[in-house]
Asker: 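Next up is a structure, given as structure tokens.
Atoms considered below: every heavy atom in the structure, side chains included; atoms not considered: hydrogens, waters and symmetry mates. Numbering of ligands and ligand atoms starts at 1, following listing order.
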Amino acid sequence: MLTTENPHWQSGRKPRLLVVGTGMMGREHLRVTQLLGWADVHGIIDPFPDSAALALAEWRSLTGEPLAVYRDVEEASRDSEVDAIVICTPNHTHFGILQAACVSGKPILLEKPMATNLIDAVRIVTLAKEYPACIQLGMQYRYKAQYVDALHEIGVQGTLGAVKTISMSEYRPPFLDKVGQWNKFNTNSGGTLVEKCCHYFDLINVVAQSRPRRVYASGGRAVNFLDFEWQGTVSDIDDHAMVIIDYDNGVRASFTLNMFSQELYEELVVVGERGRLVASEQASFRSGMPSSAHLQVEVPGHPAYRAVRVGYPDWIEQSGHYGATFFEHVAFNQQLSGIAVDAATPEEALWSLIVASAAQHSMRVGSAVDISKFCYQEGIGEAFEAG
Ligand SMILES: NC(=O)c1ccc[n+]([C@@H]2O[C@H](COP(=O)([O-])OP(=O)(O)OC[C@H]3O[C@@H](n4cnc5c(N)ncnc54)[C@H](O)[C@@H]3O)[C@@H](O)[C@H]2O)c1
């Protein structure tokens with residue numbers, strides 16, 4: 001199946017990737033590239049020797065192919081051996097690294113969130129408009145099995161009729177250890193709702209099919225990392241939030257985050273004129289615990305009226321993020337061959353960031369945030385007007 005669907009099949013040539021940042025996510029990209037087999041990884045860059053060494057060791061366990069190790073992003077990106085670039089470094093480095101990689105004019109897969117602030121996010125959108133190749137954003141939750149099916153039912157099949165309400169939630173354990181503990185500080189991550197929840201705001205925006213008009217959020221720091229210090233600085237990240245979003249077309253949405261749960265549970269509930277859809281996933285950070293995802297479509301006569309199990313084959317699910325990264329690479333390879341895909345664009349990533357940033361602002365000021373005013377206040381009024 002994979003051989004015939006390989007978009008590079010006719011050219012007979014595998015594109016060669018450069019992976020910038022080989023921490024947890026960079027190594028997942030290396031693994032998935034090998035597993036899919038449509039592209040090769042030509043080289044990596046990571047200034048932290050342990051990350052580079054771990055990536056090289058994992059690479060050798062996967063393949064006998066060589067892996068170049070570069071030091072400079074601009075130079076590596078320009079190398080004629082490199083066809084496309086995957087950026088998976090900490091959030092606060094995305095904009096600078098993207099600028100360096102863009103001198104190459106080559107296709108780029110940029111991890112989420114695109115940036116830690118809205119000004120840089122808008123700069124990326126502007127840059128992407130003039131850029132000669134694709135810039136795909138790493139909002140790969142779109143490719144989790146239950147959301148692929150949900151988006152198909154809602155957007156393509158129109159099963160629910162006009163969507164009226166959307167409720168999304170994530171319950172999960174605390175943020176994991178990262179290299180230099182960058183994710184324990186808002187200045188590096190952009191804040192919890194930006195870092196973690198841009199995935200969910202992206203999904204909610206896609207289902208709503210409209211622009212957010214007003215956001216209210218309540219949340220803060222209850223349990224996690226309250227006394228955590230790294231190199232003399234105390235952690236300041238939030239661990240829970242409840243967010244309400246009103247859309248221009250009248251759709252109402254809510255999002256709940258809790259990061260002091262033992263296990264992972266995600267749920268999307270969408271209700272339209274004709275019925276209710278529930279897409280859910282029970283998973284665990286404990287090794288050896290498989291995830292279990294379900295789709296339920298309470299519309300008379302629908303075959304999934306009672307919940308049905310959805311998912312990918314185990315070998316795909318186990319490659320990372322329950323198979324979503326694998327299908328993100330399928331989409332990226334398709335883009336490399338000029339095939340249009342449903343991967344997140346820079347504009348869509350910006351709108352997920354606008355909701356996340358407005359929610360964080362609402363938590364600080366304690367009142368609802370008008371998105372139009374907020375965008376002007378943040379210096380991105382023109383981007384808001386451009387829609
Ligand atoms: N799509 C998803 O679901 C998902 C999941 C996890 C992480 N991410 C994103 O992936 C990115 C990386 O996260 P992670 O979990 O791998 O973090 P990590 O800390 O495990 O790894 C980051 C790596 O980047 C390296 N790095 C730092 N500055 C660099 C630079 N200038 N050039 C090259 N390498 C550099 C670090 O040394 C480290 O090895 C983040 O943006 C994160 O939000 C996305």
Asker: Evaluate the side-chain proximity of L17 to F332: yes if any heavy-atom separation is below 4.5 Å, no if none is.
Answerer: yes
Asker: Any idea which atoms of ligand 1 are less than 4.0 Å away from a heavy-atom of F48?
Answerer: 37 (O)
Asker: Checking N205 against Y247: is there a side-chain donor and acceptor pair closer than 3.5 Å?
Answerer: yes
Asker: I'd like to check whether V179 has a polar contact with ligand 1, where a contact means an N/O of the residue lying under 3.5 Å from an N/O of the ligand.
Answerer: yes
Asker: Closest by any non-hydrogen atom to atom 27 (C) of ligand 1: pick that one out of G26, A324, P90, A52.
Answerer: P90
Asker: Answer with side chain, backbone, both or neither: which part of E111 has a heavy atom less than 4.0 angstrom from an atom of ligand 1?
Answerer: side chain
Asker: Keeping N224 on the side-chain end and M259 on the backbone end, is there a donor-acceptor pair under 3.5 Å?
Answerer: yes
Asker: Identify, with sequence neighbours excluded, every residue that meets salt bridge (Lys or Arg N to Asp or Glu O under 4.0 Å) alongside R78.
Answerer: E74
Asker: Nearest heavy atom to atom 31 (N) of ligand 1 wins, so pick from I97, T22, I87, T89.
Answerer: I97
Asker: Could you identify the single nearest non-hydrogen protein atom to atom 16 (O) of ligand 1 and state the distance to 0.1 Å?
Answerer: M25 N, 2.7 Å
Asker: Contact between H94 and ligand 1, counting heavy atoms under 4.0 Å?
Answerer: yes
Asker: One residue to check: M24. Relative to ligand 1, which of side chain, backbone, both or neither has a non-hydrogen atom less than 4.0 Å away?
Answerer: both
Asker: Using distance alone, with no hydrogens and no angle criterion, decide if Q282 and S292 have a side-chain donor and acceptor under 3.5 Å apart.
Answerer: no
Asker: Does a sphere of radius 6.0 Å around CD in Q262 hold more than 12 heavy atoms from other residues, nucleotides or ligands, not counting ones at 6.0 Å or beyond?
Answerer: no
Asker: Could you identify the single nearest non-hydrogen protein atom to atom 21 (O) of ligand 1 and state the distance to 0.1 Å?
Answerer: G23 CA, 3.1 Å
Asker: With no hydrogens and no angle check, do the side chains of E170 and Y200 hold a donor and an acceptor under 3.5 Å apart?
Answerer: yes
Asker: What residue and heavy atom of the protein are closest to atom 15 (O) of ligand 1, and at what distance?
Answerer: K178 NZ, 2.6 Å
Asker: Among V194, D46, I44, whose heavy atom sits nearest atom 36 (C) of ligand 1?
Answerer: D46
Asker: Starting from atom 12 (C) of ligand 1, what is the nearest protein heavy atom, named by residue and atom, and what distance separates them?
Answerer: C88 O, 3.3 Å
Asker: Ignoring hydrogens and angles, write down the donor-acceptor pairs under 3.5 Å from the side chains of residues 378-387, residues two or more places apart or on other chains.
Answerer:
residue: E385; atom: OE2; partner: Y376; partner atom: OH; Å: 2.6

Asker: Tell me which protein heavy atom sits closest to atom 13 (O) of ligand 1, plus the residue, atom name and distance to 0.1 Å.
Answerer: W182 CZ2, 3.6 Å
Asker: Is a donor from one side chain sitting under 3.5 angstrom from an acceptor on the other, for E263 and S284?
Answerer: yes
Asker: What protein heavy atom is closest to atom 35 (C) of ligand 1, reported as residue, atom name and distance in Å?
Answerer: P47 CD, 3.4 Å
Asker: Just jot down the ligand 1 atoms closer than 4.0 angstrom to any heavy atom of Y141, in number order.
Answerer: 3 (O)
Asker: Give the single entry among L110, T116, N91 that approaches atom 43 (O) of ligand 1 most closely by any heavy atom.
Answerer: N91
Asker: Is the closest side-chain heavy-atom distance between E111 and H94 below 4.5 Å?
Answerer: yes
Asker: G21 heavy atoms, cut-off 4.0 Å: which ligand 1 atoms fall inside?
Answerer: 24 (O), 33 (C), 34 (N)
Asker: If you count the atoms of ligand 1 from 1 in the order shown, which ones are under 4.0 Å from a heavy atom of I45?
Answerer: 33 (C), 34 (N)
Asker: Distance alone, cut at 3.5 Å: any donor-acceptor contact between the side chains of T325 and H29?
Answerer: no
Asker: Are V194 and N91 packed together at the side-chain level, in the sense that at least one heavy-atom pair is separated by less than 4.5 angstrom?
Answerer: no
Asker: Just checking, any donor-acceptor pair under 3.5 angstrom between side chains of Y143 and H329?
Answerer: no
Asker: Check each atom of ligand 1 against the heavy atoms of E195 and keep those under 4.0 Å away; list them by number with element.
Answerer: 43 (O)
Asker: For the residue pair Q209 and N249, confirm or rule out a side-chain donor-acceptor distance under 3.5 Å.
Answerer: no
Asker: Judged by non-hydrogen atoms, does H199 sit under 4.0 Å from ligand 1?
Answerer: yes
Asker: Of all the atoms in ligand 1, which lie at a distance below 4.0 Å from a heavy atom belonging to G138?
Answerer: 1 (N)
Asker: Among protein heavy atoms, which sits nearest to atom 9 (C) of ligand 1, and what does the distance come to when rounded to 0.1 Å?
Answerer: K112 O, 3.6 Å
Asker: I need the atoms of ligand 1 closer than 4.0 Å to a non-hydrogen atom of S51, numbered in the order shown.
Answerer: 38 (C), 39 (O)
